[in-house]
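Worksheet for the structure shown next.
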Amino acid sequence: SGSATTKNFTPKFDDYQAVYNEIASRLEENDEYDDGSYGPVLVRLAWHASGTFDKETGTGGSNGATMRFAPESAHGANAGLKAARDFLEPVKAKFPWITYSDLWILAGVCSLQEMLGPQIPYRPGRKDGEVAACTPDGRLPDASQAQDHLRKIFYRMGFNDQEIVALSGAHALGRCHANRSGYEGPWTFSPTVLTNDYYKLLLDEKWQWKKWEGPKQYEDKTTKSLMMLPADLAIIQDKKFKAYAEKYAADNDLFFKDFSAVIVKLFELGVPFAEGTENKRWVFKTFNA
Ligand code: DDH
């Protein structure tokens, strides 16, 4: 828009809603990708941008969008996320005033809401960083490991056990790709709709080792078409984690409420927001409401 090219342009809610709408309409247009949506991989981009945060040093987090640069773009955990970054390039070109770091998180928010998830309040304020701000490899979780590792990784970001379990419900969405992580398959039967099915399936299905040449992963005994990572099974193997998984399996509203709260926290880790904005987050209107 004309105003967006004016010097000293200060974008407002409506300007961010326009970016939201552009992402949502591109999600609809590009429905041939994967299971029919770029939504899951955009959520993963927002999560991997944020999940590098270290509360001791204040480094990492979504401020900076340093995954644009090597070495961070080449970290094993980020394999395949170029598809998400490339998807957003035309959006960045149309709205050049938004930072990559605000755009990536807005895309995560938009995807979660458009995939029928809860409202995810949002505030802008992230600035793009330099290559020197790239985080070291190894800050994101390793799928072959279990509860001790999950606690080490997520406590470093500042999360507790309940929050670890609530965040893990994001695996209702998307799938593993053998050519990205080495793992293969979706966690649920509806990988483009956010539900509490991840917890239900974890608890209700019988999970057995998949017999294949790839890395150790589980398959459901009934259909052999779903998967769980060793790190997913840890959510029901650990007593404290399991108690939360049972609550979320029984109550989708509770899952939505807790998931929204914890994903807002994740997306804001380490971001130096302007003072006085903590209680001034925006809720975007869904595109197809
Ligand atoms: Fe995840 N995740 N994730 N994940 N994740 C993968 C895919 C997706 C782990 C490993 C993997 C979260 C936590 C964990 C999403 C969101 C979130 C893949 C497959 C692996 C491996 C990648 C590929 O092959 O393309 C592990 C380990 C953990 C953990 O230990 C807790 C969290 C917290 C989130 C979140 O969003 C809050 C999403 C979405 C995907 C699907 C991506 C896609 O392309 O589809």
Side-chain angles (χ1 to χ4, degrees), residues 27 33-53 62 75-87 104-105 107-109 111-112 114-115 117-118 120 138-157 159 161-188 190-195 197-198 202 214-218 227-238 241 244-245 248 255 258-269:
L27 280 175
Y33 175 80
D34 234 358
D35 297 301
S37 176
Y38 272 90
V41 79
L42 290 171
V43 171
R44 192 164 199 243
L45 175 66
W47 138 238
H48 279 204
S50 308
T52 55
F53 183 66
S62 63
H75 289 169
N78 293 331
L81 293 180
K82 188 175 188 297
R85 296 194 299 275
D86 287 351
F87 174 91
W104 290 358
I105 298 305
V109 166
S111 298
L112 288 164
E114 297 299 314
M115 292 190 288
I120 315 287
R139 287 202 178 179
L140 292 161
D142 172 352
S144 72
Q145 298 204 47
Q147 49 267 42
D148 292 354
H149 173 74
L150 295 192
R151 288 197 168 93
K152 191 169 138 254
I153 293 283
F154 285 91
Y155 288 1
R156 187 209 68 227
M157 295 177 220
F159 292 113
D161 288 356
Q162 173 262 316
E163 291 172 316
I164 293 171
V165 178
L167 280 171
S168 301
H171 280 174
L173 300 169
R175 61 165 56 243
C176 293
H177 305 78
N179 61 351
R180 295 180 180 179
S181 60
Y183 298 100
E184 182 58 47
W187 290 267
T188 66
S190 53
T192 63
V193 181
L194 186 63
T195 65
D197 284 359
Y198 170 80
L202 255 181
K216 286 179 85 174
Q217 68 174 67
Y218 294 90
M227 70 92 59
M228 289 287 169
L229 302 162
D232 292 310
L233 256 287
I235 298 292
I236 56 166
Q237 286 161 347
D238 182 271
F241 285 163
Y244 293 112
Y248 295 140
F255 167 55
D258 286 0
F259 181 78
S260 177
V262 75
I263 204 101
V264 168
K265 179 172 168 182
L266 172 71
F267 287 169
E268 295 193 349
L269 292 174

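Just so you know, ligand 1 is whichever comes first in the structure, and atom 1 is the first atom listed for that ligand. Just so you know, these numbers use all the heavy atoms, side chains as well, and skip hydrogens, waters and symmetry mates.
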Can you pull out the closest protein heavy atom to atom 16 (C) of ligand 1? Residue, atom name and distance to 0.1 Å, please.
W47 CD1, 3.6 Å
Shortest protein heavy-atom distance from atom 30 (O) of ligand 1, along with the residue and atom involved:
L150 CD2, 2.9 Å
Atoms in ligand 1 flagged as close to A143, the criterion being non-hydrogen separation under 4.0 Å:
27 (C)
Quick one: do M227 and Y218 satisfy side chain to side chain contact (heavy atoms under 4.5 Å, CB included)? Show the steps, please.
CA-CA 5 Å; M227 70 92 59; Y218 294 90; over 6 Å; no
Do you know which two heavy atoms are closest between L173 and V43, and how far apart they sit?
CD1-CG2, 4.4 Å
For I164, which part has a heavy atom under 4.0 Å from ligand 1: side chain, backbone, both, or neither?
neither
With atoms numbered from 1 as shown, which atoms in ligand 1 lie under 4.0 angstrom from a non-hydrogen atom of I263?
37 (C)
Of all protein heavy atoms, the one nearest atom 25 (O) of ligand 1 is H177 ND1, 2.7 Å
Close-contact set for ligand 1 against L173 heavy atoms, below 4.0 Å:
41 (C)
Go through ligand 1 atom by atom and flag the ones less than 4.0 Å from a non-hydrogen atom of A231.
27 (C), 30 (O)
Checking heavy atoms under 4.0 Å, the part of S181 that sits near ligand 1 is both
Which residue and atom name correspond to the protein heavy atom nearest atom 28 (C) of ligand 1, and how close is it?
P141 CG, 3.6 Å
In short, I153 meets G138 closest at the heavy-atom pair CD1-O, 3.9 Å
Which protein heavy atom lies closest to atom 42 (C) of ligand 1, and at what distance to 0.1 Å?
R44 CD, 3.7 Å
Would E268 and F53 count as a side chain to side chain contact (heavy atoms under 4.5 Å, CB included) here? Give the steps.
CA-CA 10 Å; E268 295 193 349; F53 183 66; over 6 Å; no
What protein heavy atom sits nearest atom 39 (C) of ligand 1, and how far off is it?
P40 O, 3.3 Å
Ignoring hydrogens and geometry beyond distance, is a side-chain donor-acceptor pair present between D232 and H171 at under 3.5 Å?
yes
State whether the side chain of N78 and the backbone N or O of L81 hold a donor-acceptor pair below 3.5 Å, judged by distance alone.
no
S168 vs Y198, test: side chain to side chain contact (heavy atoms under 4.5 Å, CB included). Steps then yes/no.
CA-CA 8 Å; S168 301; Y198 170 80; 3.9 Å; yes
Suppose we measure from atom 9 (C) of ligand 1 to each protein heavy atom; which comes out shortest, and what is that distance?
H171 CE1, 3.5 Å
Atom pair CZ/CG of F267 and L112 - distance to nearest 0.5 Å
5.5 Å
How far apart are the closest heavy atoms of Y183 and K216, and which atoms are they?
CE2-O, 3.5 Å
Pull out every atom of ligand 1 sitting under 4.0 Å from any heavy atom of G174, numbered as shown with elements.
41 (C), 45 (O)
Applied to residues 36-49, the salt bridge (charged side-chain N to carboxylate O under 4.0 Å, His left out) test, sequence neighbours excluded, yields none
Contact between ligand 1 and W187 is defined here as a heavy atom of the residue under 4.0 Å from a ligand atom; is it met?
yes
Under 4.0 Å from a heavy atom of F154: which atoms of ligand 1 are those, numbered in the order shown and with their elements?
31 (C)
Which protein non-hydrogen atom lies closest to atom 43 (C) of ligand 1, naming both residue and atom, and how far is it?
R175 O, 3.6 Å
I would like to know whether Y244 and I164 meet side chain to side chain contact (heavy atoms under 4.5 Å, CB included); could you show each step before the answer?
CA-CA 10 Å; Y244 293 112; I164 293 171; over 6 Å; no
